[in-house]
Amino acid sequence: AQLVESGGGLVQAGGSLRVSCTWSENTLNTYGIGWFRQAPGKERELVAAISWSGSVPYYTNAMKGRAAISRDTEKNTVTLRMNSLRPEDTAVYYCAANSIPYSGSSAIRDTAKYNSWGQGTQVTVSS
């Protein structure tokens, strides 16, 4: 499965940015999607995820209260909106598809369940 991220870029601290993940294979519409990030020298971490139906979002403490994830099943797109960005949010942001069909609240929280990855998009927050 091929996922493609877009929307990264450079933003000043306190600003907002939206990154999107799209795919062409409709089979991915039955899988949860997660947004991860990896900063230089750090491990990749889950930021947010959404169930296959789009009805169940999940946020980790990485950006809790500053991010909103949504899903448009007609457009095969999952979007992560980020607000009040900080320099420490600088990272490559990846989207990934969960390996569990009809991924619900439990599966999308499990980082080991993601097995299809996009190429990533760079987000840089300047101070």
Side-chain angles (χ1 to χ4, degrees):
Q2 185 175 11
L3 298 100
V4 179
E5 300 95 338
S6 62
L10 175 65
V11 63
Q12 288 188 335
S16 300
L17 201 63
R18 180 179 64 183
V19 289
S20 295
C21 174
T22 60
W23 57 90
S24 57
E25 300 175 33
N26 289 333
T27 51
L28 285 183
N29 291 340
T30 57
Y31 292 86
I33 299 293
W35 274 101
F36 293 73
R37 68 184 183 185
Q38 187 166 22
K42 294 189 177 181
E43 292 189 356
R44 185 168 57 194
E45 64 175 344
L46 178 64
V47 175
I50 194 162
S51 64
W52 74 277
S53 65
S55 63
V56 180
Y58 169 67
Y59 301 95
T60 68
N61 289 331
M63 295 195 74
K64 206 164 193 175
R66 300 188 294 120
I69 191 169
S70 61
R71 184 168 191 150
D72 187 332
T73 54
E74 292 186 2
K75 296 182 179 179
N76 291 4
T77 300
V78 168
T79 299
L80 181 69
R81 292 173 172 81
M82 301 177 287
N83 304 308
S84 302
L85 285 163
R86 306 164 181 167
E88 52 264 40
D89 294 319
T90 295
V92 178
Y93 284 71
Y94 299 90
C95 65
N98 202 280
S99 62
I100 306 299
Y102 303 103
S103 331
S105 59
S106 178
I108 62 174
R109 294 166 182 254
D110 188 344
T111 58
K113 293 290 193 294
Y114 291 88
N115 65 350
S116 296
W117 297 83
Q119 82 289 349
T121 186
Q122 177 71 46
V123 171
T124 302
V125 184
S126 63
S127 57

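What you are looking at is a predicted structure, and each value in this text was computed from that prediction instead of being measured.
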Do [X] and [Y] come within less than 4.5 Å of each other through their side chains, counting heavy atoms only?
| X | Y | value |
| --- | --- | --- |
| Trp35 | Val78 | yes |
| Trp23 | Asn29 | yes |
| Ile108 | Lys113 | no |
| Asp89 | Arg66 | yes |
| Glu5 | Gln119 | yes |
| Met82 | Val123 | yes |
| Leu3 | Ile33 | yes |
| Tyr114 | Ser99 | no |

Just how far is it from atom [atom1] of [X] to atom [atom2] of [Y], taken to the nearest 0.5 Å?
| X | Y | atom1 | atom2 | result |
| --- | --- | --- | --- | --- |
| Leu85 | Gln12 | CG | CD | 11.5 Å |
| Arg109 | Ser51 | CZ | OG | 11.5 Å |
| Ser103 | Trp52 | OG | CH2 | 9.5 Å |
| Ser20 | Tyr93 | OG | OH | 14.0 Å |
| Cys95 | Ile50 | SG | CD1 | 12.5 Å |
| Ile69 | Arg81 | CD1 | CZ | 10.5 Å |

[X] to [Y] - nearest heavy-atom pair and separation:
| X | Y | answer |
| --- | --- | --- |
| Ala91 | Ala39 | CB-N, 3.7 Å |
| Leu28 | Ala97 | CD2-CB, 3.8 Å |
| Asp110 | Asn98 | O-ND2, 4.4 Å |
| Leu46 | Tyr58 | CD2-CE2, 3.7 Å |
| Ala48 | Leu80 | CB-CD1, 3.9 Å |

For the backbone of Gly34 and the side chain of Tyr94, can you confirm whether one donor and one acceptor N or O come within less than 3.5 Å of each other?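 Judged by distance alone, no pair lies under 3.5 Å.
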
Is a side-chain donor or acceptor of Thr77 paired with a backbone partner of Lys75 at a separation under 3.5 angstrom? yes

Donor + acceptor pair across side chains of Arg44, Thr111 (<3.5 Å): no

Do Thr22 and Asn76 have side-chain atoms, one donor and one acceptor, less than 3.5 Å apart? no

Are Ile100 and Val56 connected in a single hydrophobic cluster, I mean Ile/Leu/Val/Met/Phe/Trp/Tyr linked by side-chain heavy atoms less than 4.5 Å apart?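 No, separate clusters.
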
